[in-house]
Amino acid sequence: MLELAKIFSRGMILQREKEIAVWGKADSGAEVSVSIQGVTAKTAADENGAWMARLAPLQASSGETMTVKSGDETLLVEDAAVGEVWIAGGQSNMEFPLR
C-alpha cells in the first residue's frame with residue numbers, strides 16, 4: 001500500500017535549489033525511495049505507515065518524472081517541473097502584471 005500525499009501529482013512544480021520533502025503512506029516499516037533528476041532519497045515508514053523523504057536541492061527543469069518505490073510497488077509522477085514557486089493572492093492590485 002504505497003501512497004503519496006495528494007499535493008504530489010502530474011504537472012506539479014517543486015522549488016528549485018531547496019531541500020524538498022516528499023511524504024505519504026506505506027506499510028509499517030517499509031523502505032521507500034524517491035528519485036527525480038538522478039537524485040534519490042531513502043527512508044522507512046513509521047509504525048503508522050507515515051514516511052517522509054528529503055531530496056537534495058534540484059536544478060530548474062521541466063518534463064521530469066518522480067519515481068517512488070517501496071518493495072514491488074512503484075508510483076510515477078509525470079510532467080513534473082522544478083523551478084520557482086510563487087504564491088500570490090488577496091491584494092487589490094493583483095490585476096496588474098508581475099514583471
Side-chain angles (χ1 to χ4, degrees):
M1 175 213 58
L2 178 61
E3 295 178 10
L4 269 169
K6 293 186 189 279
I7 193 170
F8 303 104
S9 63
R10 181 181 181 86
M12 69 179 175
I13 302 174
L14 302 171
Q15 180 65 49
R16 71 180 177 133
E17 299 175 7
K18 300 279 184 184
E19 182 180 80
I20 299 169
V22 180
W23 63 93
K25 292 270 191 180
D27 293 328
S28 177
E31 289 187 20
V32 179
S33 69
V34 179
S35 301
I36 186 170
Q37 281 189 359
V39 175
T40 300
K42 295 181 180 182
T43 190
D46 66 16
E47 64 277 354
N48 297 316
W51 59 267
M52 180 183 286
R54 296 186 182 279
L55 290 163
L58 304 170
Q59 296 302 311
S61 64
S62 62
E64 298 285 350
T65 297
M66 184 168 72
T67 304
V68 182
K69 292 183 180 183
S70 181
D72 61 353
E73 293 182 88
T74 301
L75 301 175
L76 299 176
V77 180
E78 298 177 329
D79 196 28
V82 180
E84 292 298 321
V85 177
W86 291 68
I87 299 175
Q91 297 296 317
S92 61
N93 63 354
M94 292 294 291
E95 66 185 83
F96 302 108
L98 182 63
R99 296 180 202 188

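Counting begins at 1 with the first residue of the sequence. What you are looking at is a predicted structure, and each value in this text was computed from that prediction instead of being measured. Computed over heavy atoms, backbone and side chain alike; hydrogens, waters and symmetry mates excluded.
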Looking only at atom types and distance, does a side-chain atom of [X] sit under 3.5 Å from a main-chain N or O of [Y], one as donor and one as acceptor?
{"X": "Glu73", "Y": "Leu2", "answer": "yes"}
{"X": "Thr40", "Y": "Ser35", "answer": "no"}
{"X": "Asn48", "Y": "Ala50", "answer": "no"}

Counting C-beta onward and ignoring hydrogens, is there a side-chain heavy-atom pair between [X] and [Y] closer than 4.5 Å?
{"X": "Val34", "Y": "Trp51", "value": "yes"}
{"X": "Val68", "Y": "Val77", "value": "no"}
{"X": "Glu31", "Y": "Lys42", "value": "no"}
{"X": "Arg16", "Y": "Gln59", "value": "no"}

Linked, directly or transitively: [X] and [Y] (ILVMFWY side chains, under 4.5 Å):
{"X": "Leu76", "Y": "Ile7", "result": "no"}
{"X": "Val85", "Y": "Ile36", "result": "no"}
{"X": "Val32", "Y": "Met1", "result": "no"}

(request) Give the minimum heavy-atom separation between Gly63 and Asp79, together with the two atoms involved. (result) CA-OD1, 4.3 Å
(message) Once rounded to the nearest 0.5 Å, what's the spacing between atom OG1 of Thr65 and atom CZ of Arg10?
(response) 8.5 Å
